Amino acid sequence: MAQSTFPGGGNPFGPGASGGIGNVREEDEAADTLGSSTGPFGGTSYTFGGPSASQPPPAPSSAFPTGGLPDEYNTARRTSVSAESLNPTSEENDNWKPPFHKKTADQLSRLRSAVSSNFLFSALEEEQSSLVLGALVENNIPAKGIKVITQGDAGDYFYVVERGNFDIYVNPSGTIGPGPEGMGKLVTTIGPGGSFGELALMYNAPRAATVISTEGSSTLWRLDRVTFRRILMDSAFQRRRMYETFLGEVPLLNTLAPYERSKIADALEPRRFKSGDTIIREGDPGEDFFLLESGEAEVYKSDAGPNPVKQYKKGDYFGELALLDDKPRAASVVAKGDVKVAVVGKDGFQRLLGPVEGIMRRNDYSKVEETKQV
Amino acid sequence: MAAALKNALAHPIHSNKRNSQYRPPPINEEQKEREKRFVLDFQNKNISACPDTNTSDVKERALGAASKQLRVQDFDLVKTLGTGTFARVWLSRFRGQTSECKSKVFALKILRKVDIIRLKQIEHIRNERNTLAAVAGHPFITTMITSFSDKDSLYMILDYCPGGEVFTYLRRQKKFEPETARFYAAEIVLILEFLHDVKGIAYRDMKPENILLDAEGHVKLVDFGFAKKLLNKETYTLCGTPEYLAPEVIRNSGHGTAVDWWAFGILVYEFLVGQPPFWDKNPMKIYEQICGGKIRYPQSMAPDARDIIAGLCKVNPAQRLGNLTDGSAGVKNHPYFKTIDWDALYHRRKKGPILPEIKHAADTSCFDEYEDAPEKKSVYTSDMAEKYDKEFKDF
């Protein structure tokens, strides 16, 4: 019943954890939290990538143009996966704050560079990144020969090496065996700045390797999945609600249903400006609509002299008439200090909700002229 | 547990029908007969069921309602159709000597409470039952006729799809002919349109393994373990199948029904190519590729197929086909589907491109063989029952 999950693989992670993908059936949403079938996959970018990394990844294109399947492709049934239920509005999360463990500037910069190559971290916003780094907790390994991770066990933590070296062993059976040989083959060693176990940040999959300390007084930093995913969720949740609130205050859009507002919130893209940057230039064709997320900006009009005619602060919006037509901008908006805005263009808006004119027609819209600024 | 059950049920019918230890009182035999009749009658109209005719029918509206009278002892468990960590699906029929009992078969999904709790799947199981109840009767979705429970387990009686998984045919053929792929894709569009636009439900586990074929070669979507009614709010729990996860699920930035359109794009690609576009031995590399969103197409793929896949697999959900202002109509109106008569498709006027070779209603030759269930390991204790049974009250 347990088929070889990755036929043809010389990959030590190939043969898979007990069962493997092959034994999961269509009615099974069960193995999710166990993630049993995902065990056969490699474990981390750095470590467990070791031997398999030397093989070129089977890019889908390698199958073309002949159309045949690359040997490596797993043709067995695939198991579903799922992580712990996360719900930002539930009571238990109401006062949740990510744990914070103080670190020196040196430690922080080492951590930052250690995780920089990992795509889960590299796309984080500065605020999220700080929370995540702050949540990493020190994990001292006092002696040689301590198993930090045991192949086949449940995976809950991601690790970064601060001090010491760690050997990575893989047993081709997918699970650690008894006795000294049970760990399988030494595939690589990870030193300071390396990391391992990142799949645990997605869901609970069995560990693909055993990781063991090679010297006394080693130090790791570790981060658990629920903390990581809650930080991501909470910041996304807060940003969405903030955008929806902002959008609710724009008269041009006040006939939008809540779900329409949340669609637009989805389409808003963050953009940053440095002090003195021009966000909108008077006379340019208007294309985008802006929400001021943080910082301040000043409005200038060429016929009003050198002084700003208006200030914008957090929560203000401008350029909304660009959603309506292509008329030139009536004023310039310049960043005063660092500014973060959320932007949606006319095209993006129309793709999601159709023409703004249609939305305006939903009720009498006399306010437009009054609020017209730029 | 299931094996033990099967053995228990191997006795002559009359010996345990009235003495079952599983049967909590009270049983109302009259009501039980009515419920049994309801399940049996479902078979008569099963094949060409259409929701527009169903909704006006009071009897059909009862589809999916929980039964308080039926017991697992009322059924013969004939053969395993599929297994999971806490679920096993059996081909089953009512015990009894009448030709009706013998000829009408069902898929009986049995879920062990203790495993559901151990695997933290309570919420998903509840979502599954309630979603199936809400969508019962759609021509391309497996119909939950009724559900019930006993001390240890939950049960769902589903219509039996003798054709087996689309997955099996796809792997056998390596890839589908363009017209075969288009036919299945179109029927799935109708499913997603119904789930999203009518029911506000995100399915969240689209893949060939979850699409079965009925006797006429039409698709039936099964396994609603991750389906969720969204009420216009985004949701955050990671779930799905690695190769089919949408970027916003991986990034945990909040997701909605748009994840089904992403997975639908992956599905059409896999139909046409034989493997999904994002693949690596290391799952983290799959996720990195997914978030990068770069898809390579074989030269043999038709331009309109490439174009619809590219539209569906936009990393930014705000630009994703199916999630734009025209919703699922945007997908239906895409040139890839220009030859599809949507109304005829919905009313099942033509048979599917692959007709399962089925000799009789209970033929299981399209399903793989499964080993007997392992002996039951853990017990659902009365302490657990006290704590958790309220979670299962919908069954």
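From a predicted model like this one, the values you see are computed outputs, not experimental measurements. FYI, side chains are in, hydrogens and waters are out, and symmetry mates aren't considered; it's all heavy atoms of this structure. Lettering follows sequence order; numbering is per chain, from 1.
At least one side-chain heavy atom of A:Ser80 sits less than 4.5 Å from a side-chain heavy atom of B:Lys207. Within the 4.5 Å cutoff, the side chain of A:Leu120 has no heavy atoms near those of the B:Glu288 side chain. A:Leu199 is listed as a side-chain neighbour of B:Tyr287, based on a closest heavy-atom distance under 4.5 Å. Within the 4.5 Å cutoff, the side chain of B:Pro242 has heavy atoms near those of the A:Tyr203 side chain.
Side-chain N or O atoms of B:Thr237 include one that pairs as donor or acceptor with a backbone N or O of A:Leu86 at under 3.5 Å. Proximity of a side-chain donor or acceptor of B:Arg171 to a complementary backbone N or O of A:Thr75 within less than 3.5 Å is detected. Under a 3.5 Å cut-off, the side chain of A:Arg240 and the backbone N or O of B:Ser253 do form a donor-acceptor pair.
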Requested in this report: Check step by step if side chain to side chain contact (heavy atoms under 4.5 Å, CB included) holds for A:Arg229 and B:Tyr236.
Outcome: CA-CA 9 Å; A:Arg229 297 197 78 80; B:Tyr236 291 88; over 6 Å; no

>> Evaluate A:Val81 against B:Leu238 for side chain to side chain contact (heavy atoms under 4.5 Å, CB included), listing each step before the verdict.
In response: CA-CA 8 Å; A:Val81 295; B:Leu238 181 150; 4.1 Å; yes

ask   = Can you list the steps and then say if A:Ser262 with B:Lys233 is a side-chain hydrogen bond (donor to acceptor under 3.5 Å, both in side chains)?
value = CA-CA 8 Å; A:Ser262 69; B:Lys233 268 263 171 63; over 6 Å; no

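Within 6.0 Å of atom CD in A:Glu127, more than 12 heavy atoms from other residues, nucleotides or ligands are found, so the atom counts as buried in its surroundings. Residue A:Glu125 places its CD atom among more than 12 non-hydrogen atoms of other residues, nucleotides or ligands, all under 6.0 Å distant. Under a cut-off of 6.0 angstrom, the local environment of NZ in B:Lys228 is crowded, with over 12 non-hydrogen atoms contributed by other residues, nucleotides or ligands.
To the nearest 0.5 Å, atom CD of residue B:Glu243 and atom CG of residue A:Asn74 are 7.0 Å apart. Note that the CD atom of A:Gln350 and the CG atom of B:Leu324 stand 12.0 Å from one another [nearest 0.5 Å].
Highest contact tally toward chain A, considering only B:Gly240, B:Cys239, B:Gly254, is held by B:Gly240 [criterion: heavy-atom pairs under 4.5 Å]. Highest contact tally toward chain A, considering only B:Asn323, B:Thr235, B:Asn252, is held by B:Asn252 [criterion: heavy-atom pairs under 4.5 Å].
For the residue pair A:Tyr73 and B:Gly274, the shortest heavy atom distance occurs at CE2-O, 4.4 Å. Pairing each heavy atom of B:Leu245 with each of A:Met202, the nearest pair is CD1-CE, 4.4 Å.
Both the backbone and the side chain of B:Arg251 come within less than 4.5 Å of a heavy atom in chain A. If you measure heavy-atom distances from B:Ile250 to chain A, the contacts under 4.5 Å come from both the backbone and the side chain. In this structure, the portions of A:Ser85 lying under 4.5 Å from any heavy atom of chain B include both its backbone and its side chain. Proximity to chain B (any heavy atom under 4.5 Å) is restricted, for A:Glu269, to the side chain, taken from C-beta onward. Heavy atoms of B:Glu123 lying under 4.5 Å from chain A belong exclusively to its side chain.
Ion pair B:Glu270/A:Arg78 flagged as a salt bridge, since at least one NZ, NE, NH1 or NH2 atom sits closer than 4.0 Å to an Asp/Glu carboxylate oxygen. The pair B:Glu234-A:Arg241 counts as a salt bridge, with a side-chain nitrogen and a carboxylate oxygen less than 4.0 angstrom apart.
Remark: the B:Lys120 side chain and the A:Ser82 side chain contain no N/O donor-acceptor pair separated by less than 3.5 Å.
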